Amino acid sequence: MRRIISVLMENEPGALSRVVGLFSQRGYNIESLTVAPTEDETLSRLTLVTIGDDHKIEQITKNLNKLIDVVKLVDLTEGSHIERELLLVKVRANGAQRDEVKRSVDIFRGQIVDVTSSMYTIQVAGTGEKLDAFLQALGEHTIMEVVRSGVSGIARGEKVLNV
Amino acid sequence: MAILLNRKIEETQVELLSGGDMLVRALQDQGVDLIFGYPGGSALHIYDAIFRQQSIKHILVRHEQGATHAADGYARSTGKVGVVLVTSGPGATNAITGIATAYMDSIPMVVISGQVPRDKIGEDAFQETDMVGCSRPIVKHSFLVKNAEEIPATVKKAFFIASTGRPGPVVIDIPKDVTNPAERFPYRYPEKLRMRSYTPAGKGHSGQIRKAVAMLLSARRPVIYAGGGVVQGDGATLLTELAKRLNYPVTNTLMGLGAFPGSNKRFLGMLGMHGTFEANTAMHHADVILAVGARFDDRVTNTPGKFCPGAKIIHIDVDPASISKTIVADVPIVGTVQAVLAEMLETIKSSDEQPDHSAIVDWWRQIDDWRERHGLYTAPRYRTNGALIMPQDVIRAVYDITEGDAFVTSDVGQHQMFAAQYYLFDKPRRWINSGGLGTMGFGLPAALGVKIAHPDKEVVCVTGEGSIQMCIQELSTSTQYHLPVKILCLNNQALGMVKQWQEMQYEGRLSNSVYEESLPDFVKLAEAYGHTGVKIERREDLHGKLQEAFAIKDRTVFIDVYVDPSEHVYPMQVMPSGSMRDMWLSKTERT
Ligand SMILES: Cc1ncc(C[n+]2csc(CCOP(=O)(O)OP(=O)(O)O)c2C)c(N)n1
Ligand SMILES: [Mg+2]
């Protein structure tokens with residue numbers, strides 16, 4: 001099962017390497033990983049997407065919690081949550097293609113954030129699935145470069161992850 | 001005005017110290033009186049600070065691996081944190097094996113390593129290694145100290161982390177310029193620690209404990225399976241009380257020997273790969289297993305899918321990640337062994353329920369029958385009529401001579417298993433071995449660490465002629481600090497445990513497990529270091545010569561005993577894919 005685990009950890013050098021090291025050391029999967037400081041500059045928030053059965057996920061969360069730098073964590077997939085990923089993509093767009101591409105961007109509620117005479121740079125945010133679908137929709141146009149941010153997530157409703 | 005004045009006074013009272021002096025002072029304030037180490041460039045400011053004080057004694061080892069093992073032996077035998085000081089680069093990497101050894105067995109240790117100056121980090125400077133990176137997977141935590149002002153709090157945190165929860169090694173890496181004697185900073189040792197991200201487990205969940213007690217009292221075929229956590233967590237007295245009150249059988253892991261008295265009739269012996277027939281068989285047939293401070297290691301469970309098919313499992317551990325890692329617990333209890341066992345005992349005492357007396361009597365009858373048939377003593381597992389000295393007899397003789405009261409360290413191999421099987425440990429912290437990592441070379445330096453902590457006690461290092469050569473240089477440390485220990489070498493002229501596997505699983509192809517004629521004369525070697533050497537080759541000499549050797553109290557004695565080189569360790573669980581009860585009982589007998 002795919003899980004999104006959100007971690008608050010001390011914003012210390014080396015903290016991220018402990019998390020990454022744990023995953024490789026114990027043979028856990030990382031699908032994606034994002035990390036940035038929070039509004040409290042002593043803390044970073046890390047979101048990681050991993051795959052495993054319940055037993056594996058339990059071990060992952062227990063071992064993450066065991067890291068001294070980890071302050072708190074939550075498995076977002078246990079409750080309803082919002083999941084977003086940012087996609088930046090450069091597409092070749094000439095002549096009639098330009099309108100077609102623009103239409104796809106509108107349908108997926110993306111934005112064209114940079115233009116040249118032969119290229120669009122497009123930004124789309126959404127779930128991983130939506131981004132996959134958008135890339136598929138671009139299918140026949142030539143994709144020059146794709147950048148995805150990895151998943152960020154937050155719980156729905158009143159639930160918050162803070163210290 | 002008055003407030004201002006007060007603050008002024010306070011400020012002037014704060015001492016100004018260099019980073020090096022701060023480190024030493026912080027260690028003193030932490031109560032450290034002993035460091036094992038080895039100097040070098042990046043650590044020289046610190047070494048100078050050590051020179052200029054009296055209260056901390058520094059033991060100069062002969063190899064940084066020796067420092068970590070000595071500190072480890074000191075820690076295991078006392079329960080205190082072992083402290084190590086090494087220089088950067090090769091000093092730090094030499095310490096890695098010892099740090100990993102401590103990590104696998106959850107031993108409290110603080111390792112301070114020198115590092116190249118801050119402005120050189122990352123430049124491949126002379127003797128630079130990324131110690132925090134190198135040690136990351138084998139430490140409980142690590143620190144790279146960026147400013148001298150951080151030193152006191154870092155030391156305090158390091159000791160707190162190393163010694164609480166599930167203990168383990170902590171590395172403090174200190175760049176040389178941070179310890180510069182020319183720069184001084186105000187020194188304050190923090191009285192309190194605030195660590196929002198680290199709260200070690202305390203008492204267990206009372207509801208879970210009640211559930212566990214009910215399950216335990218309803219058992220018809222219970223086994224208490226106790227591991228190193230009971231030794232490290234000082235839970236042996238409580239565990240013993242619990243087992244005696246319930247009259248339940250107890251087995252210990254290799255790491256747990258001494259957690260329950262080895263000579264007590266309720267003790268089934270060690271379990272696992274080279275565990276006793278009765279311990280492994282009882283586990284297999286148990287209906288309730290109380291696991292305390294044990295981690296269902298693969299050397300215990302054999303094939304997890306075949307592990308104890310009829311058993312409900314209660315698992316007490318201070319580390320939640322140890323629970324249900326390989327074997328799922330029916331009643332998990334996270335907490336310190338002491339707190340949980342104490343509460344369990346109280347709950348049992350105040351409970352109306354009693355163990356099912358007749359079921360327990362039947363269970364004991366069954367266990368006694370197993371013991372009668374294939375126990376280590378009732379049915380000798382080895383030849384007793386040959387011309388050669390049997391390694392088991394050597395351990396039994398030493399057990400008798402030392403009246404079962406020695407501290408015994410060991411290396412890794414057949415000799416380790418014979419010691420674990422035949423030396424009965426009645427007290428915790430007496431059996432000191434590298435169970436988790438299985439580090440050859442551990443025994444001698446560990447023995448020195450134990451001897452420093454217990455100068456009036458007999459300390460015996462049971463070793464093999466293979467293992468002893470991995471840290472033999474520490475014979476010199478023994479000389480320098482006058483640390484008289486006994487080195488009992490079960491010399492089978494081979495990497496015996498490797499050879500046993502090759503004989504059992506590779507049709508006897510002894511690939512690189514024998515040394516031909518290259519073994520040193522250990523008697524002369526010992527003498528070269530200023531010690532006494534004794535060689536025992538004939539069966540009829542064994543007791544007399546051992547007695548003579550053990551009568552020597554004021555110097556290190558290397559006792560080189562030539563034992564039957566063809567002997568194997570039994571029982572041995574059948575692998576792969578055997579259950580706990582599938583064992584070889586001898587070269588030809590299988591369960
Ligand atoms: C550092 C290290 N290297 C290799 C091994 C693998 N190993 C396990 S037991 C053993 C043989 C040990 O020989 P010896 O010390 O003579 O003990 P014996 O088994 O003969 O009693 C070896 C090589 C190990 N445990 N540790
Ligand atoms: Mg040998």
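A note on names: the letters A, B, ... follow the listed sequences, proteins ahead of strands, and every chain is numbered from 1. The structure presented is a predicted model; accordingly, all values stated were derived computationally and were not measured.
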>> For A:Val163, which atoms come within 4.5 Å of any heavy atom of chain B: side chain, backbone, both, or neither?
In response: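 Just its side chain gets close to chain B.
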[atom1] ([X]) with more than 12 external heavy atoms under 6.0 Å:
X        : atom1 : result
A:Lys102 : NZ    : no
A:Leu86  : CG    : yes
A:His81  : NE2   : yes
A:Lys130 : NZ    : yes
A:Lys90  : NZ    : no
B:Asp119 : CG    : yes
B:Lys156 : NZ    : yes

Contacting moiety of [X], where chain A heavy atoms sit under 4.5 Å:
X        : result
B:Thr199 : neither
B:Leu144 : neither
B:Arg196 : both

Say whether, by atom type as modelled, one donor and one acceptor occur between the side chain of [X] and the main chain of [Y] under 3.5 angstrom.
X        : Y        : result
B:His141 : A:Asp69  : no
A:His55  : B:Ser324 : yes
B:Lys140 : A:Lys66  : no

Report the distance from atom [atom1] of [X] to atom [atom2] of [Y], rounding to the nearest 0.5 Å.
X        : Y        : atom1 : atom2 : answer
B:Asp319 : A:Asn63  : CG    : CG    : 7.5 Å
B:Ser197 : A:Leu8   : OG    : CG    : 11.0 Å
A:Arg26  : B:Lys325 : CZ    : NZ    : 6.0 Å
B:Tyr198 : A:Glu10  : OH    : CD    : 14.5 Å
A:Arg18  : B:Arg136 : CZ    : CZ    : 8.5 Å

> What closest approach, in Å, do B:Ala321 and A:Lys62 show between heavy atoms, and which atom pair accounts for it?
Replying inline: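 What the structure gives for the nearest pair is CA-CD, 3.7 Å.
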> Is there side-chain contact between A:Ile68 and B:Lys157, with at least one heavy-atom pair below 4.5 Å?
Replying inline: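 Not touching, per the 4.5 Å side-chain cut-off.
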